[in-house]
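Everything below concerns the one structure shown next.
The figures that follow rest on heavy atoms only: side chains count, while hydrogens, waters and symmetry mates do not. Lettering of chains follows the sequences in order, A, B, ..., and the numbering in each one begins at 1.
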Amino acid sequence: MSVRVRFAPSPTGFLHIGGLRTALYNYLFARHHGGTFVLRIEDTDQTRYVEGAEDDIIRSLEWAGMTIDEGPNKPGEVGPYRQSERKAMYLDYAKQLIESGNAYYAFDTPEEIDEMRERLKASGNPSPSYDSITRQSMKNSLTLPKDEVERRLAAGDDYVVRLKVPRRETVKFEDLIRGVVSFETAGLDDQVLMKSDGMPTYHLANVVDDHTMGITHVIRGEEWLSSAPKHMLLYKAFGWEPPTMAHLPLIMSPSGGKLSKRKAESEGIPVNTKDYIAGNYEPEALVNFLAYLGWSPGDDSEIHSLQELCELFTLDRVSKGGAVFNHKKLMWYNEHYIRETSVADLAPRVKTLAEEAGLDTKSDEYLNTVIELLHERVSKVDEFVAMGSFFFETPSEYDENALKKWKEDSPAMVAAYKAKIEVLSDDEFKAAALKTALEETVAENEVGFGKVMMPVRIATTGQGFGPDLFPALELMGKDEVLSRIDTALERLR
RNA sequence: GCCGCGUUCGUCUAGGGGUCCAGGACGCCGCCCUUUCACGGCGGUAGCACGGGUUCAAAUCCCGUACGCGGUACCA
């Protein structure tokens, strides 16, 4: 049987980075086995539905390089791929369960359920639930006379369908990542399967869809592990073979706990995939980083393309414990991929970014040289613009830290250097000559190299650090360099 | 509280009874290179949660404790 996996997010917001990793593991698993990667939108909670979320999910997956084989945007044979559009079938399945004695109608109002909980809490039960004991004293098709049940149904009273969880049973299943996991049904409540608005809950829809869509492996976050026994009970009630389960470790925040939006942002970590897109991260870097967050191929390698990851990935090498998101390591990956990207590929992106910042990148040749000069010192594309803005516009101010290196004799040194280079013709204004000129200035004034170089750098770039100075000066050109020196001499006396 | 899952350097991990006084990567520190900042090279720092067992031998197996995380909804 060929492998079919699904990524099944609910469209309640932008695609979370944890969701992206879950999608990635599903994708890698599918590709590794030559299987199918399905996207299913779980929009059964109409109150939490967010407009545009589905588009964001699809766009995010595409940006990361994951190709969806089947989904709402690419219908296959088992659609539709949005649960809201499959609504009709769920009730039939729920009824099937009622008929087989595995589920029942419940007419209790939320208030009545609250009352029951309060009552039980008061009598010492810390976590009361609607279960095999309490259902006996509630209003449902198990306790109500048959004719009243029919009367209520016919009258259109609100009802839900609940799973009739067996009283004392052990539910065991094998999880590909965790091994055998076991639960007692005594700890499970009679999970609502159909809500009073006619929509199924996650649990029913998920099981029905995974089965009807031919899903062979359920790879999802660990937050689902606790409800997995309910799902196993459902498969059994339907008489279906359950898919193989694999519950992924969660991505944790550096301060501990699930990487929530609030937490992550206060720690400087973008949570939504769209923030990485907007933040100009390299998708290859994020993918590589995420793949290694909770998985490793078992050797000392660190760098792999999506395609290589597909070949290497196996679920038995996924770790069990939660993994803390390490932003610095992500940046290391990003830097790596930037360096691997050619100047030609970088150029149009840098150009767009520069233009967005209101900078003129001059000629293609000019831009390319800027990128070459900065290539090794940048860790994210937008830094080409931030670090190299002086290439595109005359600096309007001087960096505060740089100014600490502007000493009393600096104006004299810069002036001396200026005298050396202003006699050069435009053709002679090359890196080598500019360096010689500086060396001569150094020698004639009997000072250290830095005593002249740093002030010249500050005067011409406004910064106390940056690319190789002489090629940079050459690129900026004689007129611009001299004019910047004059300005600096005036302003930094 | 109850249920479930987990726990190897600060972080991500390798390791699955002897080859481990625990290997790699990020970070951090130092040195080299060097015109600055980087890159690069070299080196260093730091860990088997704890307590019992089993065994000739345990990071590896078992039990317990602690801690962490998740779940405990007509949310997913």
Side-chain angles (χ1 to χ4, degrees), chain A residues 8-12 19 42-45 47-48 83 106 108-110 113 117 121 124-130 158-162 175 177-179 181-184 186-189 191-203 205-206 220-229 247 249-250 252 254 256-258 289 292-303 317 319-333 335 339 374-379 387 402 405 435 438-439 442 448-454 456-458 461 463-470:
Chain A
S10 60
T12 53
E42 308 224 330
D43 54 350
T44 54
D45 186 353
T47 61
R48 294 209 303 158
Q83 289 184 331
D108 318 274
T109 63
I113 293 172
R117 292 211 168 99
K121 250 184 210 165
N125 183 341
S127 52
S129 66
Y130 203 119
D158 271 2
Y159 69 88
V160 299
V161 176
R162 285 183 183 270
D175 183 287
I177 294 168
R178 277 146 224 290
V181 185
S182 155
F183 291 81
E184 296 302 323
L188 267 32
D189 64 345
Q191 188 62 56
V192 170
L193 265 19
M194 292 295 297
K195 300 185 267 191
S196 56
D197 66 357
M199 279 297 224
T201 57
Y202 170 88
H203 307 284
N206 191 264
R220 72 230 299 189
E222 196 187 350
E223 71 266 29
W224 295 109
L225 188 57
S226 302
S227 34
H247 289 91
L250 264 19
M252 317 287 276
K258 218 168 160 178
F289 168 73
Y292 270 72
L293 204 56
W295 171 86
S296 97
D299 56 24
D300 288 343
S301 66
E302 299 280 341
I303 305 294
R317 298 206 58 87
S319 16
K320 297 176 168 72
V324 174
F325 191 102
N326 183 347
H327 192 258
K328 282 193 169 159
K329 183 129 192 192
L330 203 213
M331 290 312 289
W332 175 77
Y333 274 114
E335 201 172 297
R339 271 187 231 124
L374 259 19
H375 207 169
E376 302 278 274
R377 27 203 115 214
V378 144
S379 49
M387 275 180 67
K405 296 173 194 159
K435 185 174 186 183
L438 198 123
E439 282 162 351
V442 163
F449 199 97
K451 277 280 188 190
V452 185
M453 189 284 278
M454 189 50 77
V456 171
R457 176 184 290 284
I458 294 168
T461 71
Q463 300 174 342
F465 59 90
D468 198 357
L469 184 60
F470 307 108

Any residue meeting ring-ring contact (aromatic ring centres under 6.0 Å, His included) with Tyr292(A), in chain and number order, not counting sequence neighbours:
Trp295(A)

Quick check: do Arg457(A) and Gln463(A) have side-chain heavy atoms less than 4.5 Å from each other?
no

Who pairs with G40(B) - Watson-Crick or G-U, where each distance is under 3.5 Å:
C32(B)

Table of protein N/O atoms under 3.5 Å from nucleotides 5-9 of chain B N/O atoms:
unit_1, atom_1, unit_2, atom_2, d
C5(B), O2', Arg178(A), NH1, 2.6
C5(B), O2', Glu222(A), OE2, 3.0

Below the 4.0 Å mark, does U13(B) have OP1 or OP2 next to a side-chain nitrogen or oxygen of Ser319(A)?
yes

When you compare U35(B) with C39(B), how far apart are their C1' atoms, in angstrom units rounded to a whole number?
15 Å

Residues that Asp45(A) engages under salt bridge (charged side-chain N to carboxylate O under 4.0 Å, His left out), provided they are two or more places apart:
Arg48(A)

Round to a whole Å and report the spacing from CE of Met331(A) to C1' of C12(B).
17 Å

Would you call Glu335(A) and Lys328(A) a salt bridge, taking side-chain N to carboxylate O under 4.0 Å as the test?
no

ring-ring contact (aromatic ring centres under 6.0 Å, His included) involving Tyr333(A) - partner list, sequence neighbours excluded
none

Mapping Leu188(A) and Gly257(A) onto RNA chain B by nearest heavy atom, which one lands closer to the 5' end?
Leu188(A)

I'd like to check the salt bridge (charged side-chain N to carboxylate O under 4.0 Å, His left out) partners of Arg317(A); sequence neighbours left out, ordered by chain and number.
none

Show the distances under 3.5 angstrom between N or O atoms of the protein and N or O atoms of nucleotides 15-22 of chain B.
unit_1, atom_1, unit_2, atom_2, d
G15(B), OP1, Arg317(A), NH1, 3.2
G15(B), OP1, Arg317(A), NH2, 3.1

Between U11(B) atom C1' and Tyr292(A) atom OH, what is the distance in whole Å?
16 Å

Residues two or more places apart in sequence or in another chain: which of them pass side chain to side chain contact (heavy atoms under 4.5 Å, CB included) with Glu439(A)?
Lys435(A), Phe449(A)

Return the nucleotide paired to C21(B): Watson-Crick means purine N1 to pyrimidine N3 with N6-O4 or O6-N4, wobble means G-U with N1-O2 and O6-N3, both under 3.5 Å.
none

Could you tell me how far apart Lys121(A) (NZ) and U72(B) (P) are, to the nearest whole angstrom?
14 Å

For Pro11(A), does its backbone N or O pair with a side-chain atom of Asp43(A) as donor and acceptor, under 3.5 Å?
no

Please enumerate all residues that pass salt bridge (charged side-chain N to carboxylate O under 4.0 Å, His left out) together with Arg220(A), with sequence neighbours excluded.
none

Tell which nucleotide pairs with C75(B), taking only Watson-Crick or G-U wobble pairs whose two distances are both under 3.5 angstrom.
none

Rounded to the nearest Å, what distance is computed from the CG atom of residue Asn125(A) to the C1' atom of nucleotide U72(B)?
12 Å

Protein N or O to nucleotides 74-76 of chain B N or O, pairs below 3.5 Å:
unit_1, atom_1, unit_2, atom_2, d
C74(B), OP2, Arg162(A), NH2, 3.4
C74(B), O2, Ser196(A), N, 2.7
C74(B), O2, Ser196(A), OG, 2.8
C74(B), N3, Ser196(A), OG, 3.0
C74(B), N4, Asp108(A), O, 3.3
C75(B), OP2, Lys195(A), NZ, 3.3
C75(B), O2', Asp45(A), OD2, 2.8
C75(B), O2', Arg48(A), NE, 3.2
C75(B), O2', Arg48(A), NH2, 3.2
C75(B), O2, Arg48(A), NH2, 3.3
A76(B), OP1, Thr44(A), OG1, 2.9
A76(B), OP1, Lys195(A), NZ, 2.6
A76(B), OP2, Tyr202(A), N, 3.3
A76(B), O3', Glu42(A), OE1, 3.4
A76(B), O2', Ser10(A), OG, 2.6

Atom pair CD1/OH of Ile113(A) and Tyr130(A) - distance to nearest 0.5 Å:
6.5 Å

Taking salt bridge (charged side-chain N to carboxylate O under 4.0 Å, His left out) as the test, write out the residues that go with Arg117(A), two or more places apart.
none

Rounded distance (Å) that lies between atom C1' of G70(B) and atom CG of Asp175(A):
14 Å

Do nucleotides 27-49 of chain B as a string where each nucleotide becomes B, S or -: B if the base has a protein heavy atom under 4.0 Å, S if just the sugar-phosphate does, - if no protein is that close.
S-------BBBBSS---------

Which nucleotide, in any strand shown, forms a Watson-Crick or G-U wobble pair with C5(B), with both distances under 3.5 Å?
G68(B)

Under a 3.5 Å limit for both distances, which nucleotide forms a Watson-Crick or G-U wobble pair with G51(B), could you say?
C63(B)

Please report the distance separating the P of C20(B) from the corresponding atom of G4(B), rounded so that it comes out in whole Å.
38 Å

Paired with A14(B) by Watson-Crick or G-U wobble geometry, both distances under 3.5 Å: which nucleotide is it?
none

Set of side chain to side chain donor-acceptor pair (under 3.5 Å) partners for Glu184(A), sequence neighbours left out:
Thr170(A)

